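Structure record follows, encoded as structure tokens.
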Number of protein chains: 2
Amino acid sequence: MYACTHSGVVDSWHIGGVSGTRREIPNDPGRKERILDAALEVIAEGGVHKTTHRKIAARAQVPLGSLTYYFDGIDDLLAQAFARLADTMSLLYRQTVQAAESMAEAEEAVVELICGPAYATDREMTLIFEMYAYANHNEAVSATTRAWLERSRDSLALHFTPGVSRALDALIEGWPMHRAFDDAPLDRRLVAETVHAIVSAAPRLSIDTV
Amino acid sequence: MYACTHSGVVDSWHIGGVSGTRREIPNDPGRKERILDAALEVIAEGGVHKTTHRKIAARAQVPLGSLTYYFDGIDDLLAQAFARLADTMSLLYRQTVQAAESMAEAEEAVVELICGPAYATDREMTLIFEMYAYANHNEAVSATTRAWLERSRDSLALHFTPGVSRALDALIEGWPMHRAFDDAPLDRRLVAETVHAIVSAAPRLSIDTV
DNA sequence: TGTAAGTGTGTACGCTCGTACAGACTTTTC
DNA sequence: GAAAAGTCTGTACGAGCGTACACACTTACA
């Protein structure tokens with residue numbers, strides 16, 4: 001019986017001088033993760049509404065039964081896939097912001113997050129749209145999304161005041177969304193100047209005075 | 001045979017002195033629109049991935065066969081439902097912006113669009129998420145979405161320069177999205193001050209100088 | 001009234017879906 | 001070597017899906 005808290009731990013030991021090896025990782029070490037990655041690919045290609053166990057299994061090159069073995073149904077699988085996406089994206093977000101060592105660099109980092117495509121490529125934007133949509137109908141994914149937004153704001157708070165962080169975060173959310181549908185590429189200078197305008201207004205943003 | 005370009009036109013005429021009346025509107029005048037509204041309700045409740053012909057038919061209180069009579073499959077139905085949503089929202093957006101008669105009122109209109117809930121309630125936000133997600137996998141909905149974004153920017157252009165319009169539009173997109181997942185309500189003063197910061201920076205926004 | 005055209009629908013079909021589960025397979029222990 | 005424990009999977013089943021279509025119904029006109 002597979003417990004969903006799969007650790008992947010492998011242990012070797014010696015008993016009475018005899019060296020034994022416990023079965024080397026269930027069978028296929030990274031299988032669960034491979035399934036989750038396959039799920040994200042399938043979602044990116046056809047959307048959640050066309051995502052099925054069979055497509056995921058085929059993409060991950062695992063038998064159909066594997067999915068019911070590792071996950072408690074399709075909702076659980078999707079929730080864990082989106083959680084994996086959120087982890088990856090959050091980390092990238094944080095690394096980008098954290099690397100900045102001055103206010104100028106911090107502003108530049110925000111511009112980078114908005115203009116990409118290092119942070120969010122078309123594929124990631126598609127997945128994010130799917131996640132947001134699905135979150136409105138699934139409590140686990142909703143929690144994942146909230147945690148993600150909170151982590152984003154915390155990352156910005158490394159450099160900016162709370163008010164500025166909220167405003168910039170909204171901008172980082174909204175602008176790439178338009179980029180996803182606009183034909184024209186994003187004007188990097190316009191973005192930079194908008195970011196600067198918000199940052200410069202910090203002393204006047206009310207939430208910071210509370 | 002029903003042609004999907006249903007006009008709803010009723011015509012009376014006289015031929016050779018005999019007065020005739022063409023059947024007064026197919027049978028159930030607003031049926032097609034009722035089906036589309038029902039579709040949006042079903043989508044709002046369970047998401048596109050749980051939306052089916054049968055649920056829509058039940059919600060609209062029409063027979064199942066009606067849906068295949070009026071629409072060329074589920075993709076067509078969803079596309080027209082989202083087009084209806086976009087029309088409604090676009091109009092509301094434009095009316096809100098257009099009513100402003102000074103720069104101060106224009107800024108206030110933008111704040112209103114962001115903070116709602118007049119413009120976008122939770123239900124509408126859910127539908128918008130679904131539309132964006134679906135647009136990435138359906139050409140017709142993608143076109144509808146692009147047209148919507150363009151109309152939004154045109155509305156803003158009634159009061160603001162192109163650069164400011166783009167920046168504000170991104171903010172109007174992103175901030176309500178966070179509102180949809182945040183526990184805390186939006187701080188209206190912070191929003192107002194952010195909007196003002198962007199508007200005030202207009203002379204320095206590069207796209208306006210081109 | 002009879003006929004033709006057009007509008008609308010109940011039913012049924014073929015298909016794919018999620019999921020269950022008997023049992024094959026692998027490793028460990030005796 | 002045999003048994004036990006645990007890991008994994010191929011197959012099958014019931015449910016629900018989109019869609020087609022024969023046919024009922026309504027109206028227009030002869």
Side-chain angles (χ1 to χ4, degrees), chain A residues 1-16 18-32 34-35 39 42 46-58 60-79 81 138, chain B residues 1-32 34-35 39 42 46-58 60-79 138:
Chain A
M1 173 57 162
Y2 177 84
C4 273
T5 51
H6 178 262
S7 65
V9 168
V10 184
D11 31 1
S12 307
W13 71 102
H14 292 264
I15 297 179
V18 178
S19 139
T21 311
R22 201 181 231 280
R23 198 224 280 236
E24 312 214 12
I25 303 172
N27 189 357
D28 185 353
R31 169 164 295 195
K32 192 177 177 185
R34 272 218 330 277
I35 293 173
V42 172
V48 167
H49 72 291
K50 284 188 182 169
T51 298
T52 68
H53 276 135
R54 286 169 177 81
K55 281 186 194 170
I56 297 170
Q61 291 181 291
V62 300
L64 179 60
S66 247
L67 303 209
T68 54
Y69 180 67
Y70 284 98
F71 302 95
D72 290 340
I74 190 89
D75 286 346
D76 179 42
L77 203 169
L78 290 176
N138 180 290
Chain B
M1 174 55 163
Y2 177 83
C4 271
T5 51
H6 179 262
S7 64
V9 169
V10 184
D11 33 359
S12 308
W13 72 101
H14 292 265
I15 296 178
V18 179
S19 136
T21 310
R22 206 180 231 284
R23 195 212 294 226
E24 311 213 14
I25 301 172
N27 187 358
D28 187 353
R31 170 164 295 194
K32 192 176 179 187
R34 274 218 328 279
I35 292 173
V42 172
V48 167
H49 71 289
K50 284 188 181 170
T51 298
T52 67
H53 277 135
R54 286 168 175 81
K55 281 186 193 169
I56 297 170
Q61 293 182 290
V62 300
L64 178 59
S66 247
L67 303 209
T68 53
Y69 180 67
Y70 284 99
F71 303 95
D72 290 340
I74 190 89
D75 286 346
D76 179 43
L77 203 169
L78 290 176
N138 180 290

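In what follows, every heavy atom counts, from backbone to side chain, and hydrogens, waters and symmetry copies are set aside. All figures in this text were calculated on a predicted structure; none of them were measured in a lab.
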Checklist line | Residue pair Leu64(B) / Ala57(B): nearest heavy atoms and the distance that separates them | finding: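 Scanning both residues completely, I find the closest heavy atoms to be CA-CB, 4.1 Å.
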
Next item on the list: Compare every heavy atom of Lys55(A) with every heavy atom of Lys50(A), then report the nearest pair and how far apart it is.
Entry: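 Closest heavy-atom pair between Lys50(A) and Lys55(A): O-NZ, 2.8 Å.
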
In this structure, how many angstroms lie between the [atom2] atom of [N] and the [atom1] atom of [X], rounded?
{"X": "Gln61(A)", "N": "dC8(D)", "atom1": "CD", "atom2": "P", "answer": "17 Å"}
{"X": "His49(A)", "N": "dG16(D)", "atom1": "NE2", "atom2": "C1'", "answer": "17 Å"}
{"X": "Asp76(B)", "N": "dG18(D)", "atom1": "CG", "atom2": "C1'", "answer": "14 Å"}
{"X": "Ile56(B)", "N": "dG16(D)", "atom1": "CD1", "atom2": "P", "answer": "17 Å"}
{"X": "Phe71(B)", "N": "dC17(D)", "atom1": "CZ", "atom2": "P", "answer": "18 Å"}

Item checked: For Ser66(B), all residues meeting side-chain hydrogen bond (donor to acceptor under 3.5 Å, both in side chains), sequence neighbours excluded ->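 Result, side-chain hydrogen bond (donor to acceptor under 3.5 Å, both in side chains) vs Ser66(B): Arg31(B).
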
Under a 4.5 Å cut-off applied to non-hydrogen side-chain atoms, are [X] and [Y] in contact?
{"X": "His53(A)", "Y": "Leu77(A)", "value": "yes"}
{"X": "Asn138(B)", "Y": "Leu78(B)", "value": "no"}
{"X": "Ile35(A)", "Y": "Val62(A)", "value": "yes"}

Next item on the list: Give a yes/no on whether any side-chain N or O of Ser66(B) is located under 4.0 angstrom from OP1 or OP2 of dG8(C).
Entry: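 Ser66(B) to dG8(C) OP1/OP2: no side-chain N or O under 4.0 Å.
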
Item checked: Under-4.0 Å side-chain N/O to phosphate OP1/OP2 contact, Tyr70(A) with dC8(D) ->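 Answer yes for this pair, as a side-chain N or O of Tyr70(A) is under 4.0 Å from OP1 or OP2.
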
Every protein N/O lying under 3.5 Å from an N/O of nucleotides 15-21 of chain C:
| residue | atom | partner | partner atom | Å |
| --- | --- | --- | --- | --- |
| dG18(C) | OP2 | His53(A) | N | 3.0 |
| dG18(C) | N7 | Arg54(A) | NH1 | 2.8 |
| dG18(C) | O6 | Arg54(A) | NH2 | 2.9 |
| dT19(C) | OP2 | Ile74(A) | N | 3.1 |

